Novice: 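Right, I'll just put the structure down here and ask away after.
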Amino acid sequence: MDRGLVELAQHGDREAFARLVPQIADRLFAAAHRILRDYDAAGDAYQSALVLIWRELPMLRDPDRFEAWASRVLVRQCHTELRRRRRQPPAFDLMLFDVPTADDTISVSLRDQLERAFSRLTAEQRAVLVLMYYRDLSVAEISAHLGISAGTVKSRLHYAREALRGAIEADARTTIQEGRPA
């Protein structure tokens, strides 16, 4: 990330901000989509995060930490979006499938099972899993991105993995009890 661009944007240079955003946009949106598991919600959280990033940018103390700081803003907006969506009645809509990726070799039933298990996690657990396994960040980097201690990151990863394992095992038991193969 270009420190000079961040400093210009901090002083209100809209063009500098417009040049910064594309450098982080894909990563931010992808993280929001994986945390929220909903394209529209991710778009809402992403847009809100960009507005907040612009507004709060003058208060950023270390321009070298811009991307980590922007990620924290995004994760907070994802939490806000989850709370907002919990208050709304559930809506039924057609699911749009992602563009085919390398994980197409995973069976559809396993992907559905993982999706159901992932949706049962808290936003905090989803955030650390996305940053660890999708963004390939280390515990220290996740700690910096989220503004939490490394111990908290490790704890959330542990409980998230346990919750995923438990949800998948429970789903498999339910499937077997219903007489369908797992």
Side-chain angles (χ1 to χ4, degrees), residues 1-91 93 95-99 101 115 118-150 152-157 159-160:
M1 193 68 37
D2 182 4
R3 180 186 176 97
L5 231 83
V6 174
E7 289 172 343
L8 286 172
Q10 279 185 297
H11 292 97
D13 187 334
R14 290 175 188 236
E15 172 132 353
F17 186 71
R19 291 188 3 225
L20 272 176
V21 169
Q23 294 179 27
I24 61 170
D26 289 343
R27 289 186 297 275
L28 289 179
F29 184 80
H33 185 251
R34 282 174 170 56
I35 292 168
L36 296 170
R37 309 306 296 168
D38 179 280
Y39 186 82
D40 293 328
D44 292 345
Y46 170 75
Q47 288 295 323
S48 298
L50 286 180
V51 170
L52 279 174
I53 289 167
W54 172 249
R55 285 185 187 156
E56 296 179 6
L57 190 55
M59 294 176 269
L60 177 64
R61 285 182 249 157
D62 184 1
D64 291 327
R65 305 287 305 140
F66 173 74
E67 189 170 356
W69 172 77
S71 292
R72 278 195 303 278
V73 172
L74 176 78
V75 169
R76 281 195 317 267
Q77 284 308 114
C78 287
H79 291 192
T80 300
E81 186 64 25
L82 282 171
R83 283 190 302 273
R84 187 181 72 76
R85 293 209 173 228
R86 266 190 234 126
R87 289 190 301 261
Q88 293 178 342
D93 59 351
M95 287 185 54
L96 299 174
F97 293 96
D98 290 336
V99 175
T101 59
E115 179 66 31
F118 194 76
S119 69
R120 293 179 185 149
L121 299 177
T122 66
E124 291 85 8
Q125 291 171 333
R126 281 187 255 169
V128 294
L129 285 174
V130 166
L131 293 174
M132 172 70 77
Y133 296 109
Y134 176 71
R135 294 275 310 275
D136 291 325
L137 299 181
S138 68
V139 170
E141 291 169 324
I142 295 169
S143 172
H145 269 65
L146 298 179
I148 57 178
S149 72
T152 301
V153 171
K154 290 177 185 178
S155 174
R156 286 181 186 174
L157 281 169
Y159 287 110

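Every value quoted in this text rests on a predicted model; they were computed, and no experiment measured them.
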Novice: Quick one: pull up CD in Gln77 and CD1 in Ile53 and give me the separation to the nearest 0.5 Å.
Specialist: 9.0 Å
Novice: To check you understand the geometry: which heavy-atom pair defines the closest contact between Ser143 and Ala150, and what is its length?
Specialist: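 Minimum heavy-atom separation between Ser143 and Ala150: OG-N, 3.5 Å.
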Novice: Heavy atoms, side chains only, cut-off 4.5 Å: are Pro63 and Gln10 in contact?
Specialist: yes
Novice: Check ring-ring contact (aromatic ring centres under 6.0 Å, His included) between Phe17 and all other residues, then give those that pass, not counting sequence neighbours.
Specialist: Trp54
Novice: Test side chain to side chain contact (heavy atoms under 4.5 Å, CB included) on Val139 and Met132; report intermediate values, then the result.
Specialist: CA-CA 7 Å; Val139 170; Met132 172 70 77; 3.9 Å; yes
Novice: How many angstroms lie between CD in Gln23 and CZ in Phe66, if you round to the nearest 0.5 Å?
Specialist: 8.5 Å
Novice: Relative to the ring of His33, is the ring of Phe29 parallel (under 30°), tilted (30 to 60°) or perpendicular (over 60°)?
Specialist: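 If you compare the ring of Phe29 with that of His33, the planes turn out parallel.
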Novice: Do Asp13 and Arg19 sit within salt-bridge range, that is, some charged N less than 4.0 Å from a carboxylate O?
Specialist: no
Novice: Could you check whether Arg84 pairs with Asp44 (Lys NZ or Arg NE/NH1/NH2 to Asp/Glu carboxylate O, under 4.0 Å)?
Specialist: yes
Novice: Which is it for Leu60 and Leu57 under the side chain to side chain contact (heavy atoms under 4.5 Å, CB included) test, yes or no, and what are the steps along the way?
Specialist: CA-CA 5 Å; Leu60 177 64; Leu57 190 55; 3.9 Å; yes
Novice: Looking at SG of Cys78 and CG of Asp38, how far apart are the two atoms once the value is rounded to the nearest 0.5 Å?
Specialist: 11.0 Å
Novice: Working to the nearest 0.5 angstrom, can you tell me the gap between Leu137 CG and Ile142 CD1?
Specialist: 5.5 Å
Novice: Specify the closest pair of heavy atoms between Ala160 and Leu129, including all atoms of both residues, with the distance to one decimal.
Specialist: CB-CD1, 3.7 Å
Novice: Check Ala144 against Ala68 and note the closest heavy-atom contact, atom names and distance.
Specialist: O-CB, 4.0 Å
Novice: Do Arg3 and Asp62 come close enough that some side-chain heavy atom pair is under 4.5 Å?
Specialist: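 Sidechains of Asp62 and Arg3: in contact.
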Novice: Are the side chain of Ser71 and the backbone of His145 linked by a donor-acceptor contact shorter than 3.5 Å?
Specialist: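 No; judged by distance alone, with no hydrogens or angles, the pair does not exist.
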Novice: Any idea which heavy atoms bring Ser119 and Arg126 closest together, and the distance?
Specialist: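 Scanning both residues completely, I find the closest heavy atoms to be O-NH2, 3.9 Å.
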Novice: Would you check if the side chain of Gln125 reaches a backbone N or O of Thr122 as a donor-acceptor pair within less than 3.5 Å?
Specialist: yes
Novice: Taking salt bridge (charged side-chain N to carboxylate O under 4.0 Å, His left out) as the definition, give me every residue that meets it alongside Arg120, ordered by chain and number, with sequence neighbours left out.
Specialist: none
Novice: What heavy-atom pair brings Gly147 and Arg72 nearest, and what distance separates the two atoms?
Specialist: N-CD, 3.2 Å
Novice: For Leu74 versus Ala45, what's the shortest heavy-atom pair and its separation?
Specialist: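 Looks like CD1-O, 4.2 Å.
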Novice: Between Ser149 and Thr152, do the side chains contain an N or O donor and an N or O acceptor separated by less than 3.5 Å?
Specialist: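 Ser149 vs Thr152: donor-acceptor pair found between side chains.
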Novice: Mind checking side-chain hydrogen bond (donor to acceptor under 3.5 Å, both in side chains) for Arg135 and listing every partner two or more places apart, or none if nothing turns up?
Specialist: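 With sequence neighbours excluded, Arg135 shows a side-chain hydrogen bond (donor to acceptor under 3.5 Å, both in side chains) to Glu67, given in chain and number order.
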Novice: Mark yes when over 12 heavy atoms from residues, nucleotides or ligands other than Asp26 sit less than 6.0 Å from its CG; otherwise mark no.
Specialist: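 12 or below, so no.
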Novice: Tell me, do Ser48 and Thr80 make a side-chain contact under 4.5 Å, heavy atoms counted?
Specialist: no
Novice: Which one of Arg61, Met59, Glu56 satisfies the side-chain contact (heavy atoms from CB on, under 4.5 Å) criterion with Trp69?
Specialist: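 Exactly one pass, corresponding to Glu56.
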Novice: Rounded at 0.5 Å granularity, tell me how far CD1 in Ile35 sits from CG in Leu82.
Specialist: 8.5 Å
